[in-house]
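Structure first, then comments.
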Amino acid sequence: MPVTEQQRPHRRQTNLSTLTSTHLPTFAALLLALTLLLPACSNTQSTLAWNQNFLVAARLQDTEQFDQAEQHYKYLREHAPDQEKQRDVDFELAKILLQRGDKQAALQAFLTLAEPRIQDNAGSKSLYEAARILAESDVPQSLLLYQKTITDYPEFIAADFALSALRTHYLEHKQYAEFLQVLDQLFPSVSHANLSNHILFARAKLLEEHFNNDNDALIAYRQLYKHCDGCALADEALWQMAHIYIHHQHWQPAIQILEQLAKNIEASWFVGTYNSPRAGDARYLLAEINLLFLDDYKTADKQFSIYISDFPNSTRTDDAAWNRVEIQRLSGSDASYQKSLERFARDYPESRYLRTIHARSH
């Protein structure tokens, strides 16, 4: 439980985050401040103070005051509450070497920090940074280190960055077959991690966009959907599958998939709506397919109506409403058409379609 002001000892404590260059003219003063601060605190308070002072060093680093930042980091390392924070300091010290332009020393520092492998942010980021440095002089070794970042640290954000770097390299060099081979090699090692879904998605997109192999792409998207188990990419896989079917004018499977996507809307009195990002697009696309390709005006009108009800604040709501007006015109019922025009003008007084209404009335 945090100590309150009433419980905290009345002896004055010093915090580095409140010290200015006037108060802290020398490194000796920094040591004194930390010496006063850290022993006086409980373990929880000590860690909190250490974190705050780490931010002070980080601000110095961000403003390129590298000498001062380095001094701060070195002292903080000696007083780190655990190994993980020591390694966080080591990573920042390696970054300072890189920021100063000493790439070889930085590379060695990053590689040292990454081996032996320890499952923490410092290790994952160090391997990724080492790969970035090597990309300038030894591309094959850099690519291997990006792959190692993924297989050794699949649960860390550095692995996502490494996958992005691999994608950029292989696509820029149009090495599609090589990239597909790398993805197939990586997947078994990370199949338990969320990153595996991104590998499957990259593989499916590669098959669709660069191999023009829609059949295998459909299989890959379906594999992603089944493997994903409700993750955000599951809906994206369905969305891509629907577009492949639409491209080939296979309307029935496309409609089935879009119906599934369009139903992914939920509401809660506590957090409001948390719809699938693709739910609205799917509902609108369903309406367009029925209107433009199947000439099923009744179903199209129903789909646009559902869209307006489910997404009343969408930027496309007036588009959906106007399409309902057009359906009345295409259906040949002049009386219904006139009523729909009046209703639209009343419900959407600021819509750009009002110009069309005025033009048709003259």
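Residue numbers run from 1 in the order of the sequence given.
Checked against side-chain contact (heavy atoms from CB on, under 4.5 Å), Arg100 has the following partners two or more places apart in sequence or in another chain: Phe66, Asp67, Glu70, Ile96. Residues passing the ring pair (Phe, Tyr, Trp, His ring centres under 6.0 Å) test with Tyr348, sequence neighbours excluded: Phe344. Evaluation of the salt bridge (charged side-chain N to carboxylate O under 4.0 Å, His left out) rule for Glu259 yields Arg283 as partners, not counting sequence neighbours. Evaluation of the side-chain contact (heavy atoms from CB on, under 4.5 Å) rule for Leu111 yields Leu107, Ala130, Leu145 as partners, not counting sequence neighbours. Legend: residues meeting salt bridge (charged side-chain N to carboxylate O under 4.0 Å, His left out) with Asp88, ordered by chain and number and at least two apart, are absent.
Screening residues 68-170 for disulfide (SG to SG under 2.5 Å), with sequence neighbours left out, gives no hits. Residue pairs satisfying the disulfide (SG to SG under 2.5 Å) criterion with at least one member in residues 126-240, sequence neighbours excluded, are listed as follows: Cys228-Cys231. Screening residues 54-151 for disulfide (SG to SG under 2.5 Å), with sequence neighbours left out, gives no hits. Counting only residues at least two apart or on different chains, the salt bridge (Lys or Arg N to Asp or Glu O under 4.0 Å) pairs with a member in residues 134-155 are Lys103-Glu136, Glu115-Lys148, Arg117-Asp152, Lys148-Asp152. Listed by first and then second residue, the salt bridge (Lys or Arg N to Asp or Glu O under 4.0 Å) pairs involving residues 331-349 amount to none (not counting sequence neighbours). Sequence neighbours left out, the pairs with a member in residues 112-151 that pass ring-ring contact (aromatic ring centres under 6.0 Å, His included) are Tyr128-Tyr146, Tyr128-Phe161. Under the disulfide (SG to SG under 2.5 Å) criterion, no residue pair touches residues 96-130, with sequence neighbours excluded.
Within 6.0 Å of OH on Tyr73 lie more than 12 heavy atoms contributed by other residues, nucleotides or ligands.
The main-chain N or O of Asp301 is never found under 3.5 Å from a side-chain atom of Ser305 such that the two would form a donor-acceptor pair.
The side-chain heavy atoms of Phe54 and Glu92, taken from C-beta on, include a pair separated by under 4.5 Å. Inter-residue side-chain proximity for Lys205 and Gln240 is flagged as met; some heavy-atom pair is nearer than 4.5 Å. Residues Leu171 and Leu206 are in side-chain contact: their nearest non-hydrogen atoms beyond the backbone lie under 4.5 Å apart. Taking 4.5 Å as the limit, every side-chain heavy atom of Glu178 sits out of range of all side-chain heavy atoms of His173.
Taking the charged nitrogens against the carboxylate oxygens, Asp281 and Arg278 do have a contact shorter than 4.0 Å, which makes a salt bridge.
For His210 and Tyr170, the ring centers are positioned 6.0 Å apart or more.
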